Structure formats: structure tokens, C-alpha cells
2 protein chains.
Amino acid sequence: MTAIKNESTIQENKGFALEKCPVTYIMEKIGGHWKPIILYHLLSGTKRYNELRRAIPAITEKMLIQHLKQLESDKLVVRIAKPVVPPYVTYTLTPAGEKLRKVLIAMAEWAIEDSKDNSLTIYENINASLLQ
Amino acid sequence: MTAIKNESTIQENKGFALEKCPVTYIMEKIGGHWKPIILYHLLSGTKRYNELRRAIPAITEKMLIQHLKQLESDKLVVRIAKPVVPPYVTYTLTPAGEKLRKVLIAMAEWAIEDSKDNSLTIYENINASLLQ
DNA sequence: ATCGATACATACTTTAGGGTAAGTACTTGT
DNA sequence: ACAAGTACTTACCCTAAAGTATGTATCGAT
């Protein structure tokens, strides 16, 4: 109707959000489905490319390498390639990446607790449906 | 939980990942661009729908309501609607949602530190009330 | 009588993320 | 001779997520 959606430039708003909201900031760095998983596996130390692949069987090679490159350009991991054949490439957390440990561990802890609580409520729901 | 048998290798792998990887689990709940931001704003207490809108100017109404509903069905927030006109609807963290405080604060703290190190933008310090 | 405020709903379109499948280069093992 | 292992790269496709733009219900206020 007469309502003119006045969301001026959404880019402007996004800029504003990025300036003021740290959660938005971290989402730009570790958002997406795979990045936290990759980082989580790197918490236990330097890993070769194929070690990561095997540790995360559901990821495709394209996704793995793509996100590794993004993490590298965001200075969260370091890529070290030894000039040998066959290739020997390792990925290691930078100090900034290491500092994500607190975040990732907090995530994992929450997940473990929540999945416990949730399986309880699932059982409750099953019981409830059986009682109807 | 027993994995659902599936012909697809990918689905099987995803099931495996979900079973074994808590980080994957939490990504299913708070993954995506907007959810952590919404949850972060709810840390400071119950908010009306429009309060959230104004707090997150970059989000569209569709995204906001969509994610609020998902968060509700994942038992992370509670929606309470007073039967009045004009509508009065509030969103509050559940106990499970409250437990995300550690995760979200860790995220925010990391973001502030990292952005300083990158000397991009100096953020204002987090609202102290969020840290209690 | 229309307006504005609230809290949504919904049809449509666009975009970005992710998946599939194939190829590359180089060398050791059989 | 050729397969196997390593660490990628690239072209193509498909879907799910996100954005755009509207509509809806109700009431008091102007």
C-alpha cells in the first residue's frame, strides 16, 4: 500500500552491524557449516591435508580446500608445504586460531549437554505419543 | 541415537558426523548467519519482536521471524504472546539457550581481541551486564 | 474513515554455498 | 607399464538460504 519499505541501503546497515556487533564479526570468520569443524580438528594439533579429510569424512575435497584457504587468508591457520614428492602439506592454527579454543570447547560442551537433555525430551515425547 | 540407514553415502557420513562431532551438532542449532546474533541480543534479557528488529537493523523481517521460530522449535527461546491488541510478543532464552551465554561471550571476546590485533576497528567493550 | 502500530505470513526472485565428477603433476611400488 | 598415493584445481550443476515486496488482523487515535 502506501507503506514504503525504507530499508535505505542494506549495505549501509550491514556496515553498521559489522562495526558494532562482535558476533557478526566472528561469524564472518568462522561462520558456515564446515569452518568450526575444521578448526575443532586442528585444536588437537597440526594436521596433514589427508588427515583432515579422514577426520571429517562428510566433507568434500572442494569444501575442505576452499575453507582452508579462507581460514588461511583470515590468519587463523598456517599452511606449510614441504617441497617434496609426494606433497607434504600441513595445516596449523595460528595464535589467533588457537585463541578460538575457548569458543570451540564451549561449543562442544554445550552440544554434549544439550544433546543429552534433548534425547530425554525425545523419550518423553515418545512416551506421550504412546499414551494417547 | 541409532543412525538412520540410508543408501546415500553422504547422508550416511553426515549421520556419522552428527553422532560423533559435537561441533556439527551445535552448528545445526545455531549455525547460519543470524542465529548467533539474535541469541546474543537475547542475552541481555527478554525482548519484544520489534526490539529485536531495531537491535538488528540489517535483518529482514522474514529472516528474523524464521530464525525465531527455528530457535523456538529447538527449545532455545520461548515465545510468549499476550492476547492483546496491538500484539505483545516477547522472546526469552530457555535454560538451554541461557547456557549458550558462555559460547556467545567467548565469541564476542574473541572477535574484539581479533579485530584489535587486525587493527581494523576498535570495538566498544562488551556490556558488562552480559558477563555476569 | 483512514492511519499507524504490532507481529507476523507468503509468493517470488536472487545469490551463495555446497555437491559431482573429472583432471593435474610427480614419484614410488609391483 | 601402470596403479596408487598426495594435494590440490576446475567446470558444471543444484538447492537451500536469503532478500524483495507485498498482504493480514486488530484496535485506538486523529
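Chain identifiers are assigned alphabetically (A, B, ...) following the order of the sequence lines, protein sequences preceding nucleic acid strands; residue numbering begins at 1 within each chain. Please read these numbers as outputs of a predicted model, since none were measured by experiment.
- In terms of heavy atoms, A:A96 sits closest to A:K75 at CB-O, 3.8 Å.
- At a non-hydrogen distance threshold of 4.0 Å, A:K62, A:M63, A:H67 from residues 62-80 of chain A come into contact with DNA chain C.
- Qualifying side chain to side chain donor-acceptor pair (under 3.5 Å) partners for A:T94, counting only residues two or more places apart in sequence or in other chains: none.
- Spacing between atom NZ of B:K47 and atom C1' of C:dA7 amounts to 17 Å, rounded to whole angstrom units.
- B:L64 and B:R53 get closest at one heavy-atom pair: CD2-CG, 3.5 Å.
- Each of A:G32 and B:V89 has a nearest nucleotide on DNA chain C; the 5'-most of these lies closest to B:V89.
- Between A:K35 atom NZ and C:dG18 atom C1' there is a gap of 13 Å when expressed in whole angstrom units.
- Atom CG of B:L52 is separated from atom C1' of C:dT6 by 14 Å (rounded to the nearest Å).
- Every residue two or more places apart in sequence or in another chain was checked for a salt bridge (Lys or Arg N to Asp or Glu O under 4.0 Å) with A:E72, and none qualifies.
- If you take NZ of B:K82 and P of D:dA25, they are 25 Å apart, rounded to a whole angstrom.
- The side chain of A:Y88 contributes no N or O atom lying less than 4.0 Å from OP1 or OP2 of C:dC26.
- Applying the salt bridge (Lys or Arg N to Asp or Glu O under 4.0 Å) rule to A:D114 yields the partners B:K29; only residues at least two apart in sequence or on another chain are considered.
- Phosphate contact (OP1/OP2 of C:dG19, side-chain N/O of A:T60, threshold under 4.0 Å): present.
- When distances run from any side-chain atom of A:P87 to the nucleotides C:dG18, D:dG5, D:dA7, the shortest one goes to D:dA7.
- Here D:dG5 presents its C1' atom at 13 Å from OH of A:Y49, a figure rounded to the nearest Å.
- OP1 or OP2 of C:dA7 sits under 4.0 Å from a side-chain N or O of B:N50.
- Not a single salt bridge (Lys or Arg N to Asp or Glu O under 4.0 Å) links A:K35 to another residue, sequence neighbours left out.
- Scanning for side chain to side chain donor-acceptor pair (under 3.5 Å) contacts around A:Y40 gives an empty result, with sequence neighbours left out.
- Between B:I59 atom CD1 and D:dA17 atom C1' there is a gap of 13 Å when expressed in whole angstrom units.
- Nucleotide C:dG19 holds its P atom 13 Å from the CD atom of A:E61, rounded to whole Å.
- Put simply, A:R48 has no side-chain N or O that comes within less than 4.0 Å of OP1 or OP2 on D:dT6.
- Remark: C1' of D:dG19 and NE2 of B:H33 are 13 Å apart, rounded to the nearest angstrom.
- Taking side-chain N and O atoms only, A:Y91 has a distance below 4.0 Å to OP1 or OP2 of D:dC8.
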